[in-house]
Amino acid sequence: MIILIIGGSASQKLAANVAKELGETLCPLETKKFPDGERYVRIKGEVEKNVTVIQSTGFPQDENLIELLFILRTLKDLGAEHIKVVVPYLGYGRQELRFKDGEAISAQLVANLIEESGADEFISINLHEDSVRDFFTIPTANLSAMPPIAEYLAGKVENPIIIAPDKGALDFAEEIAEILGCNCTYMSKIRLGPDKVETRIVDVQCDFDSEDLDKVKKDSKVNIDSVAGKEAIIIDDIIATGGTIVNAIGILKEHGAKSVDVCCVHPVLVNDAVLKIMAAGARDLSSTDTLTSDVSCISLAKLIADALR
Ligand code: R5P
């Protein structure tokens, strides 16, 4: 079965690498912006029945999203019968609820638009909220980037401890700690505003009363004092302004970490986030290539290709 791979303008290299992994054809695509700002899309290859479209919808979110919708509808018009849509980073994915009266549930509309425009399957990576999948009626998958991230980190550290900068990232930290066979810990974070967070240390209590003895034995969570003399690795799904990470680096340094490396799945990296993180004392900053950035050195092409096989 021939599968045509199309990379939108936000995910060109990743799409090319996925096509290479799969040994499938990469379809040429012309995209441009008219002088008035409107988007233009032209699929330049022969459309197959089975097509995979890869396009992240990060900044500029609206343009990348509309481009994705144009691609999907055009593919259907030109005879595609089954379209798998891979959106490695889903813009608007963080507004899956009406947190305040009257707010738009942006993630729901985005999901509806992708499906209505022609998607037959939807794949993303570490969605900020897995519940976003419930907005689709087509099959969906939410892949974890933790195995490739752990593989990248394994070659770089000798005596690591994995740090979740907030409770939401603890699952990621535990997944990586388990793969690397080391401990992890987490911090507690309160968001005071879009670019302001407060971070505190947590007294980690292992659930020794749990009836799941395997879990108790495997529990890798330790208190923050355990970072002393260790190579701390902070892991998060998204780095946006960098405020969360800067706070965590400060706490780790105060508690005697030998070094602090930072890694995330989605490098949103607003404004001077990279500088802020490096100036706070990070030894290394790395991320996957769900979004293109200076630090996107961990390719998820194989992870995506394996999910598409
Ligand atoms: C929030 O829950 C996410 O996991 C990240 O911690 C957050 O998006 C990071 O934002 P910032 O870099 O602006 O602190």
Side-chain angles (χ1 to χ4, degrees), residues 56-61 87-100 103 105-107 110 124-133 142-146 149-150 153 162-177 184-202 221 224 232-253 260-282 284-296 298 300:
S56 274
T57 54
F59 182 82
Q61 293 85 347
V87 184
Y89 173 75
L90 181 72
Y92 295 110
R94 283 183 275 183
Q95 183 89 37
E96 87 290 2
L97 290 174
R98 186 165 285 133
F99 300 101
K100 290 186 196 152
E103 283 180 347
I105 305 174
S106 328
V110 166
S124 190
I125 295 162
N126 293 112
L127 284 164
H128 189 64
E129 290 298 337
D130 189 61
S131 59
V132 167
R133 293 166 67 195
N142 182 16
L143 308 179
S144 170
M146 296 311 137
I149 286 178
L153 295 170
I162 313 301
I163 315 294
D166 58 30
K167 188 123 194 238
L170 182 56
D171 283 351
F172 309 134
E174 286 187 314
E175 198 177 335
I176 294 206
C184 67
T185 190
Y186 68 101
M187 297 173 188
S188 126
K189 180 179 90 180
I190 304 165
R191 185 160 287 286
L192 306 171
D195 55 1
K196 198 152 193 259
V197 290
E198 189 181 295
T199 308
R200 297 199 183 140
I201 59 169
V202 172
K221 291 198 290 296
I224 191 79
I233 302 171
I234 305 174
I235 178 80
D236 208 347
D237 58 345
I238 297 169
I239 299 177
T241 64
T244 301
I245 301 295
V246 167
N247 283 4
I249 293 174
I251 291 175
L252 293 169
K253 295 252 163 192
V260 183
D261 293 340
V262 178
C263 191
C264 73
V265 181
H266 307 297
V268 171
L269 300 174
V270 178
N271 299 328
D272 57 349
V274 173
L275 274 180
K276 270 171 26 191
I277 290 167
M278 299 314 285
D284 184 39
L285 172 59
S286 57
S287 80
T288 78
D289 54 358
T290 61
L291 294 168
T292 306
S293 80
D294 289 349
V295 301
S296 306
I298 307 169
L300 299 186

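For this chain, numbers begin at 1 and follow the sequence in order. Computed over heavy atoms, backbone and side chain alike; hydrogens, waters and symmetry mates excluded. In listed order, ligands and their atoms are each counted from 1.
For the pair I239 and ligand 1, the shortest N or O to N or O distance does not fall below 3.5 Å. Looking at ligand 1, you won't find any N or O of P194 less than 3.5 Å from one of its N or O atoms.
Residue contact check for ligand 1: G242 places a non-hydrogen atom closer than 4.0 Å to it.
Contact between I105 and E96 at its shortest, heavy atoms only, is CG2-O, 3.5 Å. Between V132 and G93 the shortest heavy-atom distance is CG2-O, 3.7 Å. When all heavy atoms of S56 and V87 are compared, the closest pair comes out as CA-CG1, 4.2 Å. The shortest non-hydrogen separation linking R94 to A240 is NH1-CB, 4.5 Å. Nearest heavy atom pair, residue T241 against residue P194, reads CG2-O, 4.1 Å. Between P165 and M187, the closest heavy-atom pair is O-CB, 3.7 Å.
Of all the atoms in ligand 1, the ones that sit under 4.0 Å from a non-hydrogen atom of R94 are 8 (O). Proximity to R191 (heavy-atom distance under 4.0 Å) selects the following atoms of ligand 1: 7 (C), 9 (C), 10 (O), 11 (P), 13 (O), 14 (O). Those atoms of ligand 1 that come under 4.0 Å of a heavy atom in T244, given as number and element, are 6 (O), 9 (C), 10 (O), 11 (P), 14 (O). Taking every heavy atom of D166 and a limit of under 4.0 angstrom, the matching atoms of ligand 1 come to 2 (O), 6 (O). Listed by number with element, the atoms of ligand 1 under 4.0 Å from a non-hydrogen atom of G243 are 12 (O), 14 (O).
Residue contacts with ligand 1 for D236 involve side-chain atoms from C-beta outward but no N, CA, C or O (heavy atoms, distance under 4.0 Å). Only side-chain heavy atoms of D237 come within less than 4.0 Å of ligand 1; its backbone N, CA, C and O stay farther off. When heavy-atom distances to ligand 1 are checked against a 4.0 Å cut-off, K276 has no atom that comes that close, whether in backbone or side chain.
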**OP:** For V268 and Y89, run side chain to side chain contact (heavy atoms under 4.5 Å, CB included): C-alpha distance rounded to whole Å, both residues' side-chain angles, the deciding distance at 0.1 Å, then the answer.
**Re:** CA-CA 9 Å; V268 171; Y89 173 75; 3.7 Å; yes

**OP:** Tell me, with the steps shown, if L291 and L269 meet side chain to side chain contact (heavy atoms under 4.5 Å, CB included).
**Re:** CA-CA 10 Å; L291 294 168; L269 300 174; over 6 Å; no

**OP:** Give the intermediate values and the outcome of side chain to side chain contact (heavy atoms under 4.5 Å, CB included) for residues N126 and M146.
**Re:** CA-CA 9 Å; N126 293 112; M146 296 311 137; 4.0 Å; yes

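Of all protein heavy atoms, the one lying nearest to atom 2 (O) of ligand 1 is H128 CE1, 3.2 Å. Annotation: atom 13 (O) of ligand 1 to nearest protein heavy atom, T241 OG1, 2.6 Å.
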